[in-house]
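Read through the structure below, which is laid out as structure tokens, and then see the notes.
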Amino acid sequence: MQESGAADGVHGLVVDGLVHAYAAEPVLADVSFALPAGRVGAIVGPSGCGKSTLLALVGGLLTPARGRVAGAFRRPAFVFQDPCLLPWRTARDNIAFGLKALPLGRAERQRRADALREAVGLTAADGDKHPQALSGGMRQRVALARALAIEPDLLLLDEPFAALDVGLRRQMQTLVRRLIDARGLTTLLVTHDPAEAVRMADRIVVLSARPATVAAVREVTLPTAGRHDGAVHAEVSRLVADPAVARALAIDDTAVEPV
Amino acid sequence: MTAPRSRTGLGAIAASTAGVLLLLGLWEAGHAAWGSLVLPSPRETALALWRMTVDGSLWPAVAGTGRRALAGFSAGVLLGTGLGAVAGLSDTTGRLLQPFATLALGVPAIAWVVLALLWFGGGGGAVVFTVLITVAPIVYAGAAEGVRSLDGDLRRMARAFRVPRRVLVWDVYLPHMLSHLFPAVATALALSWKVAVMTELLGGVGGIGDRLAAARAQVDTVAAMAWIATVVALLLALEMLLLDPLRRRLLGWRQALPGAARHGTARRDAAPDL
């Protein structure tokens, strides 16, 4: 993560001409987009198009071959599809894990962990359990609390709800959006599900198939509070009817065989 | 975690006590059937044990065996952990070392005893070597697997949170490594004790093994039983006073694994046969 953002006068996240390859295989051909501070962006694209790579580049886990990520972000936090919890630590200690990178005493770490545990809707008894004793949804809540505990200025969500069933996913989407809004947190979400993007994001960046370029950038104009199913479905229909989006996501009605 | 707790509750204690009583009952019955020369009674054995304690022959033998077993065990654990960690980190080294591990594991302990006695003569060195060579490959396998199987996702997560190296080692690497290493080390500890006694017996090195050999020469079944009881008691004490508490402390988190409540994980690491 470059810390030159403030000097650049960049307000928010700017991804500028990112190019990346694994060995000789190009993954990102040329990806540029911007996201205003405090907004939620969604990266949508066909599977294997390099969405996760893009997120890792933005979060500083990878160094781009070319291009740059700008923004005055010092502390990004990740939530992955797999919760990636330490099985030998309790939920509470897992939430406090990221805090060990900060100059905080043990008592303060535990206090913050407890506050976040409550914020994501876990009881004190859940906090004392090890991850194996928690359900999939609860584990993902722990992972979310762990990310928010470090008080990040950039939240990076990599398909965080893909492994959850539909009802749980809906719950988590609402919870996450509420927590993000309460903190005014700039957030980048990777998802393969256009409905999830519409439900959660303010701006949708559609990537093409690998090697990825930006196929389309669309704003979601629905008010955050008014994103119930009907409105979301209508918006998704509008989105995928867009030729640029449909081409990138390989949504082609004529190619679908009759059932 | 309420299910695992019940295994250490009153019901569990009652079951364990019943098991010990059953064992003593069968022992007594065997004694009644075959007589003292074949199977001395528990009472005779306890009396012999008491005499050994009073006349001062028990403690030096136990200390001697313990010292040699512990020396070989420590050396074996150090060697096995070091080489195992290297093998886990580097595939090439792992392949290079595998034949040695297989050889050390495949040769029966009794054959190592013979070789050790030929190489080192009848001194304590033979015992230490035999224990080392039987312990090291077991620990080696555990350590290699521990390092090799560390979840790449967890490493990536730790990197994403930019935790310092100390936290990475202490919170991620070590607990994972221990979960593989501890069962191997626990097995090795019990094994080292048995192998030490065996080598002493065949080599006349001193210690409990030597006393067993003497009892055999004098056809003193009572003394033999008393020494055997000593070995078993020491193994049990090691298990209950050292290994079980350590296991609960270090691997307690595993109890929450699905199925663990029913089957438990504590006894999975039964010692292999010699």
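Everything quoted here is computed from the prediction, not taken from an experiment. Numbered from 1 within each chain, the chains take letters A, B, ... in sequence-line order.
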Task: His180(B)/Phe182(B) aromatic ring centres below 6.0 Å - done: no
Open item on the list: Counting C-beta onward and ignoring hydrogens, is there a side-chain heavy-atom pair between Leu157(A) and Leu188(A) closer than 4.5 Å?
Closed with: no
Open item on the list: Let's go through Asp181(A) and Arg178(A) carefully: what are the C-alpha distance in whole Å and the side-chain angles of both, what is the deciding distance for salt bridge (charged side-chain N to carboxylate O under 4.0 Å, His left out) to 0.1 Å, and is it a yes or a no?
Closed with: CA-CA 5 Å; Asp181(A) 285 344; Arg178(A) 213 183 63 224; over 6 Å; no
- [ ] Using non-hydrogen atoms and a 4.5 Å limit, figure out which bit of Ile150(A) sits close to chain B: side chain, backbone, both or neither.
- [x] side chain
Open item on the list: Only pairs of heavy atoms separated by less than 4.5 Å count here; which of Val172(B), Val167(B), Asp171(B) has the most with chain A?
Closed with: Asp171(B)
Open item on the list: Between Phe78(A) and chain B, with a heavy-atom cut-off of 4.5 Å, which part of the residue counts as in contact: side chain, backbone, both or neither?
Closed with: both
Open item on the list: Testing the 3.5 Å rule here: is there a donor-acceptor pair between the side chains of Asp158(A) and Ser52(A)?
Closed with: yes
Task: Toward chain B, the part of Leu85(A) with a non-hydrogen atom under 4.5 Å - done: backbone
